[in-house]
Amino acid sequence: VEVRCRLKAELPTAVLFFGGFGPPLMFEVAEQLLSQFDLNLILLVGKNAALKAKVEETIAAGEAPLWARCPVLVDGFISPAKLIEYIGSATCVVGKPGPGVVSEAAVLGVPFVTELNSCTLPQEVRPRCRDRTESSRITAQLQAATLSLGRCAWWTTCVTKASESL
């Protein structure tokens, strides 16, 4: 409830989560999303205090129009209950596919988007679906997230690869 009060209800919400120590890449991903979409953005940076400070300073300075036009929340290392609250308020989660965050997103019915690169483990690429109905449900969630976030090359590539792996 607290998280949703700080967001614009009419906008989709993306949660960026790359594990317990958010990489500097999160700042660049956030800027890409903010430059292409009107959305609520939540960055969960874990124990990366320098990244948290950079995001907070950028928001507070008000000099970067990207960071001022949409609600942006940043949080550090959080409890599992707080993570569930953030994911529950999201239209999608973008980040590193750790088992905890992917499981929570799946249970809450929130699509999870990750990049596919040489470091991506095979089990992170192809979800194990019991039947075609489950596969179709996941594909529909990805398509819904795409419609709610709009279109950009990075997003479309991630969603296309995720859908093709089902």
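We use all heavy atoms of the structure for the numbers below, so side chains are in, but hydrogens, waters and symmetry mates are not. For reference, positions follow the sequence shown, starting with 1. The structure displayed is predicted, hence computed values, not measured ones.
Hydrophobic clustering (side-chain heavy atoms under 4.5 Å, transitive across Ile, Leu, Val, Met, Phe, Trp, Tyr) groups Leu41 together with Leu25. Linking Ile, Leu, Val, Met, Phe, Trp and Tyr residues whenever their side-chain heavy atoms come within less than 4.5 Å places Val93 and Leu108 in a single cluster. Taking hydrophobic clusters as Ile, Leu, Val, Met, Phe, Trp and Tyr residues chained together by side-chain heavy-atom distances below 4.5 Å, Phe77 does not share a cluster with Val55.
Minimum interatomic distance between Lys96 and Phe18 (heavy atoms only, all atoms of both residues): CE-O, 3.5 Å. The minimum heavy-atom distance linking Ala90 with Val15 is given by the pair CB-CG2, 3.6 Å. Listed here is the closest heavy atom pair of Ile87 and Ala105: CG2-CA, 3.9 Å.
Side-chain contact between Trp67 and Glu31 is present, with at least one heavy-atom pair separated by less than 4.5 Å. Counting heavy atoms from C-beta outward, Leu43 and Val29 have side chains that stay 4.5 Å or more apart. Between Leu39 and Cys70 there is no side-chain heavy-atom pair separated by less than 4.5 Å. In this structure, the side chains of Leu7 and Ile42 come closer than 4.5 Å at one or more pairs of heavy atoms. Side-chain atoms of Leu16 and Leu33, non-hydrogen and from C-beta on, do get closer than 4.5 Å to each other. Taking the side chain as every heavy atom from C-beta outward, Arg69 and Asp38 approach each other to under 4.5 Å.
One distance of note links CG of Asn48 with CE of Met26; it measures 8.5 Å at 0.5 Å rounding. The structure places CD of Glu10 at 7.5 Å from CG of Asn40, a figure rounded to the nearest 0.5 Å. We find the CG-OG1 distance between Leu11 and Thr91 to be 9.0 Å, quoted to the nearest 0.5 Å.
With sequence neighbours excluded, the residues satisfying side-chain hydrogen bond (donor to acceptor under 3.5 Å, both in side chains) with Asp75 are Tyr86. With sequence neighbours left out, Glu56 forms a salt bridge (Lys or Arg N to Asp or Glu O under 4.0 Å) with Lys52.
A side chain to side chain donor-acceptor pair (under 3.5 Å) check over residues 14-23, counting only residues at least two apart or in different chains, returns nothing.
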